[in-house]
Amino acid sequence: MKNIQWFPGHMTRAMRDMEAKRELCDGVVCVLDARAPIATVNKNLNKIFGEKPVLYVFNKADLSDNNKLDGFVKLFERQGRYCVKCNSTNPSSKRVLLQKLNEITEEKRARAQAKGLNRTFRFMVAGIPNTGKSTLVNLISGQKRAKTGDKAGVTRDVRWLKCGAFDLLDTPGTMPPAFDDQYHARHLAYIGSINDDILDMDDIALELLGELASLYPAYLTERYGITDFSEKLGMYEALCKRRGFILRGGEFDYERGAKALVDDFRKGRVGKICLEDPSDYSDYTL
Ligand SMILES: Nc1nc2c(ncn2[C@@H]2O[C@H](COP(=O)(O)OP(=O)(O)OP(=O)(O)O)[C@@H](O)[C@H]2O)c(=O)[nH]1
Ligand SMILES: [Mg+2]
C-alpha cells in the first residue's frame, strides 16, 4: 500500500509558537488516543516540552479496551510519568483531570502561598491531531469556547483559555515530520488523526480489517457476520454482502464498505478496541 505521509505547513508554525510559549508554562498536557497510545505519542514534541512535567492523558478511553489501557498506564507510570484515563466528552472526567493538574503544581502552589501569592498555573495542551485537545480544554473551562470537530486539523492557532485556576494553551494537532514506521502511521489513519483526503480509504479499510481480525475477531463476527478470517479481501466482501453494499452489476461496492467500516470503528460501533498491546512495548521509552 501507499506510504502515509502528512505534515502540512501550519504544523511548523504551530510548533514554533508552542516553543515560544513553553517558558510561560508550568507543565504540559499531552493528549493521546487510548485506542492507539503508542502511535499517538509524538516524540518530536519532546523537544518542545523541554524539562516541563508532562501529564499523559489517555483520552477517548470510553472507546478503548480497558485491560490493555491499564497496561499502558502502568508502562508510562513506570517511566515516572503522570497519567490519567479520560473521556473528555463526559463531565465526570473534569474532576480527575483537575486532580492531576493540582498534583503536578502542588509544590509550586505551596511555595506561592507561603509568599502570600495566589497565582494561576499554565499548561500547554499538545498532541497529534484529533485526539481531543480542544474538547478537553472545553471540559476544564466549563464552556465550549474552543472549536472541535471529528476530523484532523480543526485547531489552526495556539490560543490561551482561562479555565478556573488554570490557563490552558490549546494548540493545533502536530505530527512528526516523518513516520518511523507505517504500522503506527496506519493506526493514526484509522483513528482519524490524518487528513482523510490524502488517504486511500480502500487500503486503510483493508488493513484495519486485517488488524481487527487478529485482535478482535469476535467483534467482526458480531457486527458483520464475518467468520472466515483467512484473507482480507474475503472479509471485505463478506462485510459488503452483509450490509448490502452491492453495485448494480452485482459487484461489491468497496468504497461504501470501506467508509462504513472506518466510520463504525471511529465511532466505537465495532467494539471497545485498543490497537496496540502493552506487552509488545516492554522496552519502549517515552
Ligand atoms: N468518544 C469520545 N470522543 C471524544 C473524546 N474527546 C474528544 N472526542 C471527539 O473527538 C473529536 C476531536 O476532538 P477535538 O477536541 O476537536 O480534537 P483536537 O485534538 O482538538 O483536534 P485538532 O484541533 O484537529 O488537533 C470530536 O468529534 C470530539 O467530540 C473522548 O474522550 N471520547
Ligand atoms: Mg483542536
Side-chain angles (χ1 to χ4, degrees), residues 6-18 21 28-37 39-42 44-45 48 54-66 69 72-73 83-98 100 123-161 163 168-176 187-199 262-275:
W6 189 52
F7 191 75
H10 78 267
M11 291 186 186
T12 311
R13 179 168 50 89
M15 285 163 67
R16 231 180 2 242
D17 292 347
M18 288 157 75
K21 298 277 192 283
V28 175
V29 176
C30 182
V31 184
L32 307 176
D33 188 310
R35 294 167 297 174
T40 47
V41 169
N42 176 0
N44 197 50
L45 288 178
I48 289 174
V54 181
L55 169 62
Y56 286 92
V57 175
F58 294 86
N59 197 38
K60 308 200 184 187
D62 54 306
L63 302 175
S64 186
D65 174 334
N66 203 39
L69 194 51
F72 279 112
V73 170
C83 294
V84 67
K85 293 189 286 184
C86 175
N87 169 3
S88 291
T89 62
N90 185 334
S92 68
S93 286
K94 181 174 174 174
R95 190 183 48 83
V96 277
L97 286 168
L98 286 177
K100 285 287 176 187
F123 281 85
M124 180 189 300
V125 181
I128 294 275
N130 201 39
T131 54
K133 298 172 292 299
S134 301
T135 308
L136 178 143
V137 168
N138 285 339
L139 173 71
I140 299 183
S141 84
Q143 282 174 289
K144 292 211 162 51
R145 283 185 296 175
K147 191 174 160 204
T148 64
D150 64 352
K151 60 176 191 169
V154 172
T155 305
R156 286 300 166 126
D157 297 292
V158 302
R159 183 177 162 208
W160 286 107
L161 288 150
C163 301
L168 301 182
L169 185 71
D170 188 22
T171 70
T174 44
M175 286 289 184
H187 290 182
L188 297 179
Y190 306 154
I191 63 174
S193 286
I194 293 175
N195 183 350
D196 281 343
D197 297 341
I198 68 134
L199 296 173
V262 171
D263 206 47
D264 282 353
F265 169 76
R266 289 180 182 172
K267 303 224 161 87
R269 289 192 292 249
V270 181
K272 291 183 187 291
I273 286 165
C274 186
L275 296 162

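Atoms within a ligand are numbered from 1 in the order they appear, just like the ligands themselves. In this text the structure is predicted, and so the values were computed from the model without any measurement. Position 1 is the first residue of the sequence; numbering continues from there.
- Between the side chain of N87 and the backbone N or O of D62 there is no donor-acceptor pair closer than 3.5 Å.
- The protein non-hydrogen atom at the shortest distance from atom 31 (O) of ligand 1 is S88 N, 2.8 Å.
- For the pair V31 and V125, the minimum side-chain heavy-atom distance is below 4.5 Å.
- In terms of polar-atom proximity, D170 is not counted as a contact of ligand 1, lacking any N or O under 3.5 Å from an N or O of the ligand.
- Listed by number with element, the atoms of ligand 1 under 4.0 Å from a non-hydrogen atom of G173 are 25 (O).
- Between V154 and ligand 1, at least one pair of N/O atoms sits closer than 3.5 Å.
- T131 and N59 share no side-chain donor-acceptor pair at under 3.5 Å.
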Check: residues 146-154 side-chain donor-acceptor pairs under 3.5 Å, at least two apart:
none

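- Under the rule for a side-chain contact (heavy atoms from CB on, under 4.5 Å), the partners of L63 that lie at least two apart in sequence or sit in another chain are R35, K60.
- Atom 4 (C) of ligand 1 has as its closest protein heavy atom T89 CG2, 3.5 Å.
- For ligand 1, the polar-atom distance check finds no N/O of T171 at less than 3.5 Å from any of the ligand's N/O atoms.
- Residue G132 has at least one nitrogen or oxygen atom sitting less than 3.5 Å from a nitrogen or oxygen atom of ligand 1, judged on distance alone.
- When side chains are defined from C-beta on, D157 counts as touching R13, because their heavy atoms get closer than 4.5 Å.
- At a heavy-atom cutoff of 4.0 Å, ligand 1 is contacted by the side chain of L63 but not by its backbone.
- Of all protein heavy atoms, the one closest to atom 10 (O) of ligand 1 is K60 NZ, 3.0 Å.
- The set of protein atoms (N, O or S) found at less than 2.8 Å from the Mg ion (ligand 2) reads S134 OG, T155 OG1, by chain and number.
- Side chains of L161 and Q143 form no contact here, defined as non-hydrogen atoms less than 4.5 Å apart.
- Side-chain atoms of C86 and L97, non-hydrogen and from C-beta on, do get closer than 4.5 Å to each other.
- In terms of polar-atom proximity, G149 is counted as a contact of ligand 1, with an N or O under 3.5 Å from an N or O of the ligand.
- Inter-residue side-chain proximity for M175 and I194 is flagged as met; some heavy-atom pair is nearer than 4.5 Å.
- Side-chain atoms of I191 and R266, non-hydrogen and from C-beta on, never get closer than 4.5 Å to each other.
- Annotation: ring pair (Phe, Tyr, Trp, His ring centres under 6.0 Å) contacts involving residues 123-158, sequence neighbours excluded, comprise F123-F166.
- Using a cut-off of 4.0 Å between Lys/Arg side-chain N and Asp/Glu carboxylate O, D263 and K267 are scored as salt-bridged.
- One side chain, S134 or D170, offers a donor N or O that lies under 3.5 Å from an acceptor on the other.
- Here's the thing with A61: none of its N/O atoms is less than 3.5 angstrom from an N/O atom of ligand 1.
- Looking only at heavy atoms of the protein, atom 6 (N) of ligand 1 is closest to N59 ND2, 3.1 Å.
- Shortest contact from atom 1 (N) of ligand 1 to any protein heavy atom: D62 OD2, 2.8 Å.
- Residue, atom and distance of the protein heavy atom nearest to atom 13 (O) of ligand 1 are T135 OG1, 3.3 Å.
- Looking at K133 next to ligand 1, an N or O pair under 3.5 Å apart turns up.
- Interface of A152 with ligand 1, defined as ligand atoms under 4.0 Å from a residue heavy atom, comprises 24 (O).
- Taking both residues in full, the closest heavy atoms of S64 and C274 are given as OG-CB, 3.5 Å, listed atom of the first, atom of the second, then distance.
- Pairing each heavy atom of G127 with each of K133, the nearest pair is N-CD, 3.5 Å.
- Closest to atom 21 (O) of ligand 1, if we only count protein heavy atoms, is N130 N, 3.1 Å.
- Within ligand 1, the atoms closer than 4.0 Å to a non-hydrogen atom of G153 are 24 (O), numbered from 1 in the order shown.
- Among all non-hydrogen protein atoms, the one lying nearest atom 30 (C) of ligand 1 is N87 OD1, 3.3 Å.
- The heavy-atom pair separating M18 from M124 by the smallest distance is O-CE, 3.2 Å.
- Between P172 and ligand 1, no N or O atom pair is found at a separation short of 3.5 Å.
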